[in-house]
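What follows is a short report on a single structure.
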Amino acid sequence: MAEYADIIVDISLGKLDRTFQYRIPPALTGQIRPGVLVEVPFGNGSRRIRGYVVEVTGRPEIEESRIKEILAVVDRSVPIESQLIALAAWMRENFGGTMNQALKAVLPVKVKTAGKEKRLIYLLLDPAEGRELLRRLEQKHQTARARLLGALLEQSPLPYETVTGKLNVTAAVIRAMAEKQVIRVETVRTYRNPLDRMKKQEKSVELNPVQRQIADDIIARWRTGDTKPSLIHGITGSGKTEVYMELIAAAVRRGKQAIVLIPEIALTFQTVMRFYSRFGERVSILNSRMSAGERYDQFERAKNGELDVMIGPRSALFSPFPDLGFIIIDEEHEAAYKSETAPCYHARETAVARAGMCGAMVVLGSATPSVESYARAKSGIYRLYEMGQRISDRPLPTVYTVDLREELRRGNRSILSGRLRELMEDRLQRKEQIMLFLNRRGMAGFVSCRSCGHVVKCPHCDVSLNLHNNGRLICHYCGYSMPMVKRCPECGSPYVGGFKAGTQKIEQYIRQQFPQAGVLRMDLDTTRQKDSYEQILSAFANREADILIGTQMIVKGHDFPNVTLVGVLAADLSLHISDYRAAERTFQLLTQAAGRAGRGKRPGEVVIQTYQPEHYAITAAANQDYQTFYGHEMLFREMMHYPPVWNLLVIHIASSQETLANQAADVLQYRTAAMIRQKDPGHGGRPDGARIQVIGPADAAVAKVSDTFRKILYVKAADYQDLVWIKDGLDPELREDALLKKVSVQFDFNPMNGF
């Protein structure tokens, strides 16, 4: 059977949407794979040019007689484009989507943007010749030429704009002097540098014994070629960043580069400054608020060897460094590392794949590692390092858990418990700072009882039911539904409903209760402007306010030495979203929030307000006890067949016509179940002992968006490759089935957010 290769013949700007198909000759079978550089005949004259293989297929796109053959594989060192194309092919295979979508994720800067250029004027004469010519020009009263020559004798080169502006020399004069070979005008490419206002500070940090031991061990393993991924589990304030910088310094000393991934929400001036202080102008950043031109320039600087370190969110993973040493993923548990658009890749798995292609090492770090990463570390897939003490042995904050059911019984219906109010008054008197964290994630979804804390859950999936506008409670995993309850099924109380309080409402309340205090609010509304994150955080760091109120963005890695009190206003809000990771999310957020207190010389205190103080995620967070949380959570995941014990594939179906969406979901469910029966005849997709299970279809969490109807189908499997097999089996159906071609279908492996 003939094989064909889709090839990009010019990987320059704007060419990603066009590939050309060539036949693979028998002599090259086995050598042609995504990323390989080949020579092909191109155009009417069949001139010999080079291109990159992006996909190998058995299907001819045009009439076979018109398809030319690949001439040869280019045998030379692998360029960075080749590695990134191979990575895109890996992403497509393991996460779904099209090759074009994968290429656009991996090569995100291949968009035409106006490059910045600078023109410089150089003097071509030696000083003696220059002075002699200057004398002659002055004698002839050629003042403009004399002015330019005199300036160049003092300083060469000069910017073109300076000559035409400040020296008032016309372009015609410059051109005439260039023709006489007195001067040379040279155009050079300049790069937008987002850190050009920063100053490097030569300040070495002395690592403590634990930091030194971990850094030395990782570097020693890396130097000997042991690139097994490393997981640093370090409590908040233990000094993980100093370890990262030591690893980067080791890479730089060997002429290699490093990528540091940080969730966008934590990519602050404060964080970047620490890296810039150590590595200077060979550090750059990426973020979503940079212009296309700024982003393009940073990738060009990386490719041209002008940078050693790139810091940014998940897209920074694709920085075209030619010789990577380390990929560091800080706060590795964050959901932001998972793309929600095709291909729905996870930066952690993709980083490991890229590191494997170039001999680099992936280092993950977190105070609250994801259950998946910790399970891999426990099983030996990753190397585990523990940092259990804060820098300088500073104590962890004292944590108080307040039962809001008791507050209600005492008649306190305000958003502040008695203890939190008392501690806030104390801190304001002592001129210390306070952070109030509203755990708003998924806030309108679940229904709970304010008297006893009971949450109404799906009897089949053990996730909370979501209240819909039609008054019914619905499970977004299996489709189970029931009418909204009027009284708590556990205690009979009428106080049943959702939580309704936003940061703006809380800010107004706090200003009324503490009129003497300066208050800042940080949420989506107050951070829409380009530099608003930095402005709010800088104002708080400079003690221009006493209280900072915010959503999860305020608890991500910020370091404020004067903060001695953190209040968590509603710990339960993330505990009961319709997501099997709800307890993990809650534990992570509460632990990170608690970690903001007492990072300076004064000890900190934390108040966690909750309706379920006995829940294992809340008690473990209060005690900063990851091991206990992990043990409980893994039991739940094993019982319910959730990742990392099993793997989960979510198939999203969307259409502007509800009937089409429903029909397509049913067809996909039928085809998937048929594939499972074929592979596992004894079980046929039933959950009673099967190694692959199909669940649904059900409505998505938000069943209609912008007049588009959305359905979801779940497939669970013990082996990840079984899910890839399901995806590969459905791919031809999506291209060929008349009904399925009319809807949008997207695959999401081990999703990170609710559905």
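- In this structure, Leu730 and Arg671 have side chains that are in contact, with non-hydrogen atoms separated by less than 4.5 Å.
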Glu386 vs His233, side-chain hydrogen bond (donor to acceptor under 3.5 Å, both in side chains): CA-CA, chis, key distance, verdict: CA-CA 5 Å; Glu386 301 273 5; His233 173 211; 2.7 Å; yes
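- The salt bridge (Lys or Arg N to Asp or Glu O under 4.0 Å) check on Asp731 picks up nothing, with sequence neighbours excluded.
- In this pair, Trp222 and Phe326 present their aromatic rings tilted. The plane angle is within the 30 to 60° band.
- The shortest side-chain heavy-atom distance between Thr368 and Gln592 falls under the 4.5 Å cut-off.
- Rounding to the nearest 0.5 angstrom, the gap separating the OG atom in Ser230 from the CG atom in Leu247 is 8.5 Å.
- Of the possible polar contacts, one joining the Asp579 side chain to the Arg581 backbone as a donor-acceptor pair under 3.5 Å is found.
- For Tyr374 and Tyr626, the distance between ring centers is under 6.0 angstrom.
- Considering all non-hydrogen atoms of both residues, Thr57 and Arg59 come closest at OG1-N, 3.1 Å.
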Candidate pair Glu334 and Gln588, rule side-chain hydrogen bond (donor to acceptor under 3.5 Å, both in side chains), full reasoning: CA-CA 9 Å; Glu334 283 288 340; Gln588 289 164 346; over 6 Å; no
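- Counting heavy atoms from C-beta on, the side chains of Asn623 and Thr628 never come closer than 4.5 Å.
- Taking 4.0 Å as the cut-off between side-chain N and carboxylate O, Glu372 and Arg376 do not count as a salt-bridged pair.
- The CG atom of Leu649 lies 9.5 Å from the NZ atom of Lys727; values are rounded to the nearest 0.5 Å.
- In this structure, the separation between CG on Leu364 and OH on Tyr337 is 9.5 Å, given to the nearest 0.5 Å.
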Run the numbers on His652 and Val745 for side chain to side chain contact (heavy atoms under 4.5 Å, CB included), then give the verdict. CA-CA 6 Å; His652 297 262; Val745 177; over 6 Å; no
Quick one: do Val363 and Ile329 satisfy side chain to side chain contact (heavy atoms under 4.5 Å, CB included)? Show the steps, please. CA-CA 6 Å; Val363 177; Ile329 306 182; over 6 Å; no
Kindly indicate, with the supporting measurements, whether the criterion side-chain hydrogen bond (donor to acceptor under 3.5 Å, both in side chains) is fulfilled by Thr227 and Arg221. CA-CA 7 Å; Thr227 55; Arg221 287 175 45 226; over 6 Å; no
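- Here Asp226 does not pair with Arg383 in a salt bridge; the nearest charged N to carboxylate O distance is not below 4.0 Å.
- Considering NZ of Lys711 and CD1 of Ile651, their distance stands at 14.0 Å, rounded to 0.5 Å.
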Can you list the steps and then say if Glu3 with Thr29 is a side-chain hydrogen bond (donor to acceptor under 3.5 Å, both in side chains)? CA-CA 8 Å; Glu3 279 196 309; Thr29 301; 5.0 Å; no
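- In this structure, Gln101 contributes its side chain and Thr98 its backbone to a donor-acceptor pair below 3.5 Å.
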Applying salt bridge (charged side-chain N to carboxylate O under 4.0 Å, His left out), run through Glu55 and Arg92 and close with a yes or a no. CA-CA 10 Å; Glu55 190 169 9; Arg92 183 205 175 202; 2.3 Å; yes
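- You'll find the side chain of Val53 stays beyond 4.5 Å of the side chain of Asp6, heavy atoms only.
- Gln657 has its side chain out of reach of Val743: every pair of non-hydrogen atoms, C-beta onward, lies at least 4.5 Å apart.
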Could you please spell out the steps behind the side chain to side chain contact (heavy atoms under 4.5 Å, CB included) verdict for Ile618 and Leu590? CA-CA 8 Å; Ile618 291 173; Leu590 296 185; 3.9 Å; yes
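- By the ring pair (Phe, Tyr, Trp, His ring centres under 6.0 Å) test, Tyr720 is found to be paired with Phe749, residues two or more places apart in sequence or in another chain being considered.
- Taking OH from Tyr244 and CD1 from Ile218, the interatomic distance works out to 9.5 Å, rounded to the nearest 0.5 Å.
- Under the 4.5 Å side-chain criterion, counting only non-hydrogen atoms from C-beta, Phe318 is in contact with Leu87.
- Between Ile7 and Tyr22 the shortest heavy-atom distance is CD1-CD1, 3.7 Å.
- Between the Lys338 side chain and the Cys344 main chain, a donor and an acceptor come within less than 3.5 Å of each other.
- Between Phe95 and Tyr345, the angle of the ring planes goes over 60°, which puts this pair in the perpendicular group of the 30/60° scheme.
- The pair Glu584-Arg637 meets the salt-bridge criterion, since a charged nitrogen lies less than 4.0 angstrom from a carboxylate oxygen.
- Figure legend: Lys228 and Tyr382 shown without cation-pi pairing, the cationic atom not lying both under 6.0 angstrom from the six-membered ring centre and within 45 degrees of its axis.
- In terms of modelled atom types and a separation under 3.5 Å, the side chain of Lys742 and the main chain of Ala664 share no donor-acceptor contact.
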Residue pair Tyr611, Val455: steps toward the side chain to side chain contact (heavy atoms under 4.5 Å, CB included) verdict: CA-CA 10 Å; Tyr611 287 102; Val455 174; over 6 Å; no
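- Ser373 and Glu332 share a side-chain donor-acceptor pair at under 3.5 Å.
- Nearest heavy atoms, Ala665 versus Pro697: CB-CB, 3.7 Å.
- Side-chain contact between Arg314 and Leu317 is absent, with no heavy-atom pair separated by less than 4.5 Å.
- Minimum interatomic distance between Met91 and Ala105 (heavy atoms only, all atoms of both residues): CE-CB, 4.3 Å.
- Between Phe629 atom CZ and Phe587 atom CZ the span is 6.0 Å, to the nearest 0.5 Å.
- Of all heavy-atom pairs between Leu473 and Pro483, the closest is CD1-O, 4.0 Å.
- When all heavy atoms are compared, the tightest approach of Met675 to Gly729 is CE-CA, 3.6 Å.
- With a 4.5 Å cut-off on side-chain heavy atoms, Met387 and Ile235 do not count as touching.
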